[in-house]
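Letters A, B, ... mirror the listed sequences (proteins, then strands); counts begin at 1.
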Number of protein chains: 2
Amino acid sequence: MRDVAAAAGVALKTVSRVVNGEPGVNPATAERVHEAIRRLGYRRNESARLLRAGRTASIGLVIGDVSDPFYSGLSRAVEAVARRHGHLLFTGVSEEDPALEREIVLAFCARRVDGLVIVPAGTDHGYLCPELEAGVVVAFVDRPPGPGLEADTVLSDNAGGAAQGVAHLIRHGHRRIAFLGDSPAIFTARERLRGYRDALAAAGLPYDEALVSMGRPDPQRVRAALAAMAALPDPPTALFTGNGLITTHVLRALAARPGPDRPALVGFDDLELADLLTPGVTVVAQDPAGLGRTAAELLFRRLAGNRGPAQRVLLPTRLIVRGSGEIPPPARVA
Amino acid sequence: MRDVAAAAGVALKTVSRVVNGEPGVNPATAERVHEAIRRLGYRRNESARLLRAGRTASIGLVIGDVSDPFYSGLSRAVEAVARRHGHLLFTGVSEEDPALEREIVLAFCARRVDGLVIVPAGTDHGYLCPELEAGVVVAFVDRPPGPGLEADTVLSDNAGGAAQGVAHLIRHGHRRIAFLGDSPAIFTARERLRGYRDALAAAGLPYDEALVSMGRPDPQRVRAALAAMAALPDPPTALFTGNGLITTHVLRALAARPGPDRPALVGFDDLELADLLTPGVTVVAQDPAGLGRTAAELLFRRLAGNRGPAQRVLLPTRLIVRGSGEIPPPARVA
DNA sequence: GCCCCTGTTGACAACGTTGTCAACACGCCG
DNA sequence: CGGCGTGTTGACAACGTTGTCAACAGGGGC
C-alpha cells in the first residue's frame with residue numbers, strides 16, 4: 001500500500017480511501033491510484049484490516065470426524081451460512097477427543113474468531129468461560145455443552161426419533177426389541193435410549209436389560225452383543241440401532257445370518273444406498289444440514305447483536321420406511 | 001498485553017518475553033508477569049503476532065462438495081497434516097463452480113494464507129499467477145490446474161484404475177462393455193474414459209460410441225442413457241461407471257430391472273455398504289485420504305523452503321472385487 | 001577508580017491497515 | 001476583501017504483537 005501511494009504520488013490514506021471506495025476522492029486522483037494498483041498488482045491485506053477493525057470475519061467449526069457423512073453435511077451447511085455472512089470458516093476435527101477439542105477451540109480463540117460452532121466431544125466446557133467473557137460467541141450443535149454453560153444449542157429430537165422408530169417396530173407386531181447404541185457417555189446415545197424406553201413404556205412393553213447393549217461402535221463389540229442376544233432363551237425379533245455406524249455393523253453381521261430368523265431392523269441415521277439393500281432398511285433420519293444451518297444462523301444472529309437468553313432448538317427427525325420391520329419384501333425403487 | 005504490563009509494573013516487551021518464554025528474564029519478574037496474566041485472564045492475540053511475523057500459519061482448502069465422501073476423506077487428511085504443522089485450516093466449498101472457486105481462492109489469498117490446496121473446478125487459473133508471485137504456495141489435488149501453471153499436483157491413476165476395472169470385466173468374458181461417465185469437461189472423467197479405451201484396445205475389442213455416455217451425474221440422464229443402450233440391437237452385458245454418484249444412480253436403475261439380463265457392473269470409487277448389496281459391487285477404489293495427505297505434505301515441503309520443480313504424483317487405485325462381473329453370486333461377508 | 005562484561009529491562013519502530021482530525025485550496029456570499 | 005463552507009488531501013495514532021538496540025546496574029579484574 002505504501003508502494004502504491006508512492007507510485008501514485010499520494011498519501012497512504014488516499015490509497016486506503018480508494019481501495020475502500022470511500023467518497024471524497026477526486027476522480028482523477030482515484031484513477032491514478034487505480035492505475036498504480038494495477039501496475040503493482042497490489043491486493044489489500046485482509047488480516048491487517050481486520051486486526052485494525054477488531055474482528056476477524058471468521059468463525060471456527062469443531063466436529064468429530066469429517067468422514068462421517070453426518071458431519072460433512074453439517075459442515076457444508078455451516079460453511080454456506082458463513083460465506084453468506086462474509087465470513088471464512090476454520091474447520092477443526094476433534095476425533096471425539098475432549099482434550100483435542102479443547103486444544104482446537106483455544107487455537108481458534110487465539111486467532112480471535114468471531115464465533116464458534118461446536119459439536120462437543122467433552123462434557124466440561126469450563127475452559128470456554130474466559131473466552132465467552134472476552135466476547136466470543138458459541139453455538140453448540142448435535143449435543144449440548146457441559147453443565148454451567150449457557151449457549152445456543154441445536155439438537156435433533158433424539159428421544160422422539162428413537163421412540164418413533166421403535167414404535168414402528170411395535171406397530172409391526174414386535175414385542176422383543178433390542179437396542180444397540182453408542183457409549184452411554186455420549187449424550188445422543190443416552191437420549192436415543194430414553195426414546196426407546198419411552199416407546200416400550202407407551203406400548204406397555206417391559207424393559208429388559210438383556211436386550212440393551214451400549215458401547216463403542218466397533219464391529220467386534222456389535223457382533224458379540226448380537227450373538228449374546230441371539231443366545232437368549234427369548235431372543236429379540238427386532239433391533240433398533242442407535243447410529244449409522246452401528247447400523248452398518250449390524251447389517252454386516254446379519255448378512256452372515258440370512259434366513260427367516262433374521263430380526264427386523266430400524267436404525268437411527270439414514271444410510272446412503274439403504275434403499276438398495278435387500279431388505280431395505282427403515283431409518284430415523286436426521287437433518288445434518290438443518291442442524292448446521294440452524295446453529296450457524298443462531299450464531300450470526302448473536303454476532304449481529306441479539307442478546308436474548310440462550311436458545312435450545314430441537315429439530316425433528318423423519319422416519320423413512322423402507323420395508324424393514326415386516327417380512328422381507330421385494331426391493332423398492334426410490 | 002498493555003494491561004498485563006501495567007499490572008505487573010513492567011514494560012510491554014517484558015510481557016512479550018515472558019509469554020514467548022524468551023531467556024533473559026529475571027525469574028522473580030517472570031513470576032510477577034505470570035501472576036498478572038492469570039489475574040487478568042490474558043491470552044495472546046495470535047493474529048496480531050502473525051501479522052507482525054508476516055505469516056498466518058493457516059492454509060486454505062477448496063473442494064467441490066464436502067458431502068461427497070471422497071472430499072470429506074480428503075479434507076480430513078489435509079486438516080490432520082495442517083495441524084501437525086501447527087497450521088489452521090480454512091475450508092471453502094466451490095460447488096464445482098469456477099467463479100465461486102476463484103472467489104474463495106482470492107478471499108483466502110486476501111487473508112494471506114501461507115498455502116492452498118485446491119481441487120480445481122475451473123480450467124483457467126491465470127488469476128492465481130499474481131498470488132504465486134506474491135509467495136503463496138499451491139498444491140492441486142484430484143485434477144490438474146489449467147494450462148500455463150506450474151504447481152505440485154496429486155492425482156489418482158484414473159486411466160490406470162479404469163483400465164484395471166474394465167479389464168476385470170473383460171477377464172470375466174464380457175465383450176460389450178458400456179462406459180457411463182461424468183461430463184467430459186471434467187479431467188477425471190476424460191482420464192477414466194481413456195483408461196476404458198486403453199483396456200478395450202489392449203484386449204483387441206472395438207470402441208463403440210453407442211456404448212459411451214458422458215454428462216451430468218443426475219438420475220434422469222443416467223436412466224435415459226441406460227435405456228438407450230438396452231434398446232440397442234447388441235446391448236451391453238456389462239457397465240463401467242465413472243464415479244460413485246453415477247454408480248449409485250445405475251444401481252437404482254438396475255434395481256428396477258432385476259433378473260438374468262441384468263448387466264454386470266464395475267464402478268469407479270468405493271461405496272459405503274457396497275459389500276452388502278446383492279450382488280456385491282466391484283469397484284476401483286481411490287485413496288481420498290492419501291490424495292489429501294500427499295498434497296498437503298508437498299505443500300508444507302514447499303513452505304519449508306523446497307524449491308524443486310513442480311511435482312506430479314500419481315496415486316494408485318485399488319480394485320476391490322465383490323462378485324460383480326460374474327453371474328450374481330450369493331452375498332459375501334466382508 | 002576505571003573499564004568491561006553480563007544480566008535485565010525498556011523505548012521505539014515496525015507489520016498493513018483505518019479512524020480522527022487538521023490543513024489546504026477554491027469559490028461564493030455579504 | 002474577509003469569512004465561510006466544501007471538496008480534497010495528508011499526518012498521525014491506533015489495532016496487538018515482536019525485533020532491534022540502547023540503557024542501566026552490579027560485579028570482577030586491572
Side chain of A:Ala48 (C-beta onward), nearest among D:dT17, C:dG10, C:dT17
C:dT17

Test side-chain contact (heavy atoms from CB on, under 4.5 Å) on A:Val141 and A:Ile118 and set out the steps.
CA-CA 6 Å; A:Val141 63; A:Ile118 305 181; over 6 Å; no

Drop me the distance from B:Thr294's OG1 to B:Leu299's CG, to the nearest 0.5 angstrom.
12.5 Å

Nucleotide N/O of nucleotides 19-25 of chain D paired with protein N/O under 3.5 Å:
unit_1, atom_1, unit_2, atom_2, d
D:dG19, N7, B:Lys13, NZ, 2.7

Tell me yes or no: between the side chains of B:Arg44 and B:Asn20, is some donor less than 3.5 Å from an acceptor?
yes

Whole Å only: how far is the CZ atom of B:Arg2 from the C1' atom of C:dC12?
15 Å

Heavy atoms only, 4.0 Å cut-off, all strands: where does A:Arg112 land among base, sugar-phosphate and nothing?
nothing

Whether over 12 other heavy atoms sit under 6.0 Å from A:Arg49 CZ:
yes

Gap between atoms CZ and P, on A:Arg111 and D:dG16 respectively (whole Å):
17 Å

Between CD of A:Glu150 and CD of A:Gln311, what distance do you get to the nearest 0.5 Å?
12.0 Å

Students often get this wrong, so: under 4.0 angstrom with heavy atoms, is B:Val25 touching a base, only sugar-phosphate, or nothing?
sugar-phosphate

Taking any heavy-atom pair under 4.0 Å as a contact, classify B:Leu50: base, sugar-phosphate, or nothing.
nothing

Of the listed C:dC15, D:dT17, D:dT9, the closest approach to the A:Asn26 side chain comes from D:dT9

Between C:dG10, C:dT9, D:dT17, which one does the side chain of B:Thr29 approach most closely?
C:dT9

salt_bridge(B:Arg143, B:Glu96) N-O dist < 4.0 Å
yes

By the 4.0 Å heavy-atom rule, please label B:Gly24 as base, sugar-phosphate, or nothing.
base

Once the angle between the rings of B:Phe108 and B:Phe90 is folded into 0 to 90°, is it parallel (under 30°), tilted (30 to 60°) or perpendicular (over 60°)?
parallel

If you take any heavy atom closer than 4.0 Å to DNA chain D, which residues from residues 129-138 of chain B end up in contact?
none

Taking A:Ser75 as the fixed residue, which of A:Val117, A:Leu61, A:Val93 is the one that meets the side chain to side chain contact (heavy atoms under 4.5 Å, CB included) rule?
A:Leu61

What's A:Val10 touching, base or sugar-phosphate or nothing? Going by heavy atoms closer than 4.0 Å.
sugar-phosphate

Please state how far atom CG in A:Leu12 lies from atom P in C:dC15, giving the value in whole angstrom units.
11 Å

Report the distance from atom CE of A:Met1 to atom P of D:dG10, rounded to the nearest whole Å.
12 Å

Looking only at side-chain N and O atoms, does A:Thr14 come under 4.0 Å of OP1 or OP2 in D:dG10?
yes

Between D:dC15, C:dC15, C:dT17, which one does the side chain of B:Leu51 approach most closely?
C:dC15

Going by atom types alone, do A:His125 and A:Glu101 pair a side-chain donor with an acceptor below 3.5 Å?
yes

